[in-house]
Q: 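One structure, pasted below without further comment.
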Amino acid sequence: MFQIQSHSLRPLTTTAHLAQTMTLLSLTIEELKQQIDSELASNPALEFIEERRCPTCHRLLPERGFCPVCSRPLNQYSDDPVVFISPRDDFHPVRQDVEGFLPEEHDYSPVEDALPTYVLRQIAPDLAIEDRKLAAYLLAHLDEDGLLTIELVEVASYYHVSLERVKAVQRLIQKADPVGVGSRSTQEALLVQLEVLSETRSVPDLAQCIVENSVDLLFRRQYAELARLYNVPQRRIEQIVHFISENLNPFPARSHWGDVRQPSAADVQVYHRPDIIISYMNDDPQNPLIVEIIMPLSGTLRVNPLFRQALQQAEGEQRSAWREDIEKASLFVKCLQQRNHTMQRLMQCVVKSQKDYIMYGDKHLKPVTRVSVSRELGVHESTISRAVAGKTVQLPNKRIVPLSSFFDRSLNIRTLLKDMIAREARPLSDAELVDMLSREGIDVARRTVAKYRAMEGILPAHLRRSLSQVS
DNA sequence: CTATGGCACGGATT
DNA sequence: AATCCGTGCCATAG
């Protein structure tokens, strides 16, 4: 497919252009940053220019006018959300030189490379040189949830060091972002997260007790049982559960739970950095929405004009090599711009139709499909799919959800269902729930209600009875 | 007999 | 082309 290359330049640029834009589209910020870095490093024709930032909010100023986040005058504009590209360089808070740090002798799959390196960077400064191999070894044995797959004792005996030392390294890892990574179990991860959290804010004291002694009850949502066990009102337990699901994440490396996992904390996740941030201007719900599409750099990329000039004087071999560099550089820049443009339009469209969802919560999510968006934007559906896949969005209420949740066909029904069950006077059977839903204008099969219930981790009616009796 | 969960099928979505 | 999701049918538990 690349034979065309040698013949003509134009078809090459267009197909390559498309291909590269596609791949860029599907990258998350972290990947995008890597991509840009490597491009920048390998191509001398590519230039990076620092740009102005807003003095108060530290965000980059748009082409003209005021900072969209902190200045008032923008209010005069319509109610439509402001969508813009927001470059940031505070992306990796800790950037340490870790060259030669990762030992080669251990095989770990390149796919999982991102998380280990990310963590390693953070803890590097606090790590004794001789403990580095321990850290690297531990990090190389994380599963996709960020949990450790090996026993600490094994590591200790493998390296002939004391268990204590391995534990110390593990603790260091656990406290890095994402907090709790490198724990042996979800329970351990939760405990670490509680501990870290308690340093900055108050944590319900029972929370730790519960996680430590009765996680299984917690995961199975046996709130009544818990209330009995700890001799507190069930209301209190529910508060704590709420706190836990708001702030903790049993799978440190996960952005969202798989469908059949412990549904106890199913609605909220803690994840490191969102790709997109949606907020109200000045955090005031009166103001229009601000949609920031995060760029990992605070500046623009362009083809270095000096390099262009130099090309004029170059000759022979050099000239063609440089010419190629320039081609590649400008292609990359174009693709990047197009990526941003597409993202911008995509978000514009999505935010417009899902405004209620963003402002008022899950109940108001409209079942928009990727196809409908693609039609509206006039692009291929797969483009949208790629752009949406793997990205995360921070909502005004600081929750971070996958972008794909904007396209969830049943979330609104599920939350409605959850509400109804939460308010129910007596346990309602699935069939009765179907009735109630149809009164709300939603027609679903009985079987489907059952499935939604299962997704939300709600027990069947006859089992819920016991709960309501206790409380 | 009623309420639910399992399996599997078809259509939509990606 | 592969996957996901809603749904119908049937078995099973209560």
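All figures in this text were calculated on a predicted structure; none of them were measured in a lab. Proteins come first, then strands; the chains are lettered A, B, ... in the order of their sequence lines, and each starts at number 1.
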Q: So, S438(A) and D443(A): side-chain donor and acceptor under 3.5 Å apart, yes or no?
A: no
Q: Determine the contact category for S410(A): base if any of its heavy atoms lies under 4.0 Å from a base atom, sugar-phosphate if only primed atoms, P, OP1 or OP2 are that close, otherwise nothing.
A: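 Sugar-phosphate only.
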Q: Consider the side chain of D430(A), meaning its heavy atoms from C-beta on, and name the nucleotide among dG6(C), dT7(C), dT4(B) that approaches it most closely.
A: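 The answer is dT4(B).
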Q: May I ask you to verify whether the side chain of R447(A) and the base of dG6(B) hold a donor-acceptor pair under 3.5 Å?
A: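 Yes, a donor-acceptor pair under 3.5 Å.
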Q: In whole Å, what is the span from the CD atom of E381(A) to the C1' atom of dA12(B)?
A: 11 Å
Q: Any luck finding a side-chain donor-acceptor pair between E188(A) and Q174(A) under 3.5 Å?
A: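 Note: E188(A) and Q174(A) side chains meet the donor-acceptor criterion.
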Q: Across the strands shown, which category fits R446(A) at heavy-atom distances under 4.0 angstrom: base, sugar-phosphate, nothing?
A: base
Q: With nearest nucleotide decided by heavy atoms, which residue, R409(A) or E432(A), maps closer to the 5′ end of DNA chain B?
A: E432(A)
Q: State, yes or no, whether a side-chain contact exists between V373(A) and F407(A) at a heavy-atom distance under 4.5 Å.
A: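 Yes, close enough: below the 4.5 Å cut-off.
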Q: Which nucleotide wins on minimum distance to the side chain of R370(A), given the candidates dT4(B), dT14(B), dG6(C)?
A: dT14(B)
Q: Roughly how many Å is it from CZ in R414(A) to P in dC4(C), rounded to a whole number?
A: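 For the pair R414(A) CZ and dC4(C) P, the rounded distance is 15 Å.
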Q: More than 12 heavy atoms of other residues, nucleotides or ligands under 6.0 Å from NZ of K363(A): is that the case?
A: no
Q: What integer distance in Å separates L433(A):CG from dT4(B):C1'?
A: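 Between C1' of dT4(B) and CG of L433(A): 13 Å.
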Q: Rounded to whole Å, how long is the line connecting atom CG of D408(A) with atom P of dC4(C)?
A: 14 Å
Q: OP1 or OP2 of dC5(C) sitting under 4.0 Å from any side-chain N/O of Y452(A)?
A: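 Negative; the distance criterion is not met.
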Q: Measure NE2/H462(A) against C1'/dC1(B) and give the value in whole Å, please.
A: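 Taking atom C1' of dC1(B) as the reference, NE2 of H462(A) is at 15 Å.
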Q: Please tell me which of F407(A) and A450(A) maps to the more 5' nucleotide of DNA chain B, matching each residue to the nucleotide holding its nearest heavy atom.
A: A450(A)
Q: Round to the nearest Å and state the distance from F406(A) atom CZ to dT13(B) atom C1'.
A: 19 Å
Q: State whether T369(A) places a side-chain N or O below 4.0 Å from either non-bridging phosphate oxygen (OP1 or OP2) of dT13(B).
A: no
Q: Is a donor from one side chain sitting under 3.5 angstrom from an acceptor on the other, for R236(A) and Q239(A)?
A: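 Distance-only check passes for R236(A) and Q239(A).
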Q: How many whole angstroms separate atom CD1 of I384(A) from atom C1' of dT14(B)?
A: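 Spelled out: CD1 on I384(A) to C1' on dT14(B) is 12 Å.
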Q: Within this structure, what is the CG-to-P distance between L411(A) and dG6(C), rounded to whole angstrom?
A: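 Those two atoms, CG and P, are 12 Å apart.
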Q: Counting any heavy atom closer than 4.0 Å, what does R453(A) reach on the DNA or RNA strands: base, sugar-phosphate only, or nothing?
A: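 Counting heavy atoms under 4.0 Å across all strands, the contact made by R453(A) is with sugar-phosphate only.
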